[in-house]
Number of protein chains: 2
Amino acid sequence: MAHRTVSCGHRSPRPGLPDDPRARTAAPMPSCPVEITLHALRGRWTTLVVRELLRGSHTFSELGAVLPELSDKVLAERLRQLVEVGVVRRERLPGWPTTVRYRLTERGRTLGPVLQSLWDWGAANT
Amino acid sequence: MAHRTVSCGHRSPRPGLPDDPRARTAAPMPSCPVEITLHALRGRWTTLVVRELLRGSHTFSELGAVLPELSDKVLAERLRQLVEVGVVRRERLPGWPTTVRYRLTERGRTLGPVLQSLWDWGAANT
DNA sequence: CTGAATCCCTGCCGATACTG
DNA sequence: CAGTATCGGCAGGGATTCAG
């Protein structure tokens with residue numbers, strides 16, 4: 001995030017997965033659930049793009065209009081990243097000029113509570 | 001952030017703060033609660049260090065022993081970062097050679113649920 | 001033991017220009 | 001409209017060495 005990479009392995013969370021080996025890794029591991037999530041959100045502008053998508057579907061130019069300081073290149077990078085991790089679905093619409101609609105997948109929508117959690121901690125610690 | 005940086009402004013979360021202006025920023029802002037949290041966790045190894053501290057207090061060398069591939073330089077960087085954001089308290093112990101104990105602050109302990117949330121999303125989307 | 005100082009390498013991201 | 005190509009700056013982080 002910022003930043004750069006992340007790490008893995010985190011406290012035996014709840015009774016459900018106390019002995020998950022991924023919670024005891026000695027080094028950052030991409031298979032760690034915490035890493036997976038932070039990897040999905042990683043990079044400047046990423047959470048802002050997700051926020052806008054949570055508000056509804058958007059085309060490439062609509063996203064660019066709402067986030068004017070975000071360059072085309074980075075926006076394309078972020079959307080490709082989010083598609084790769086299964087958070088966003090890309091939908092090419094018929095007609096000319098070409099328009100593309102980006103929608104959150106169901107998996108993407110479940111990022112809402114995660115962002116809420118991040119918001120809450122930051123808001124409580126201003 | 002992983003990254004690198006992060007972004008700010010996220011959906012009107014709950015009835016409590018629907019009109020928070022930080023949820024409508026057009027660019028990444030350090031004052032955004034989501035940014036604050038991701039900034040605290042930013043950087044490779046950071047969440048692993050927090051995980052170890054959640055398991056109890058540790059000295060510099062103890063943390064290095066549990067995370068053998070983590071270099072002294074980066075460990076010192078991470079601890080300084082966590083102290084800066086108020087997540088960790090540094091405590092110099094008397095005696096020789098110098099030993100230092102790092103403890104999570106109360107604020108740091110509240111990162112538990114946040115990491116849990118990150119874990120849950122990643123675990124549900126493997 | 002607990003760091004700080006240095007060097008270097010890599011990857012992010014911004015700006016610009018160009019294409020289908 | 002929706003991107004790709006290219007370049008350059010800069011910060012992150014690993015290895016090594018040195019200091020209090």
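Numbers restart at 1 for each chain; the letters A, B, ... are given by sequence-line order, proteins then strands.
Distances shorter than 4.0 Å separate some side-chain N or O of A:Tyr102 from OP1 or OP2 on D:dG3. At the phosphate of C:dG20, neither OP1 nor OP2 sits under 4.0 Å from any side-chain N or O atom of A:Trp96. Close to C:dC12, at under 4.0 Å from its OP1 or OP2, lies no side-chain N or O of A:Arg42. Contact annotation: B:Arg90 does not reach the phosphate of C:dT2 (side-chain N/O to OP1 or OP2, under 4.0 Å).
Side-chain atoms of A:Arg78 lie closest to C:dC13 of the nucleotides D:dG13, C:dC13, D:dA2. Distances were taken from every side-chain heavy atom of B:Val74 (C-beta onward) to each of C:dG3, D:dA2, D:dG14; the shortest belongs to D:dG14. Which of D:dA2, D:dG14, C:dT2 sits closest to the side chain of A:Ser61 comes down to D:dA2.
By the 4.0 Å N-to-carboxylate-O rule, A:Lys73 lies close enough to A:Glu77 to be salt-bridged with it.
Sequence order on DNA chain D of the closest nucleotides to A:Thr59 and B:Ser71 puts A:Thr59 first from the 5' end. Residues A:Pro97 and A:Glu77 each lie close to DNA chain C; by heavy-atom proximity, the contact nearer the 5' end of the strand is made by A:Glu77.
In terms of heavy-atom proximity, B:Val114 sits nearest to A:Ser117 at CA-OG, 3.6 Å.
Looking at A:Lys73, its side chain has no donor and acceptor atom pair within 3.5 Å of the base of D:dG3.
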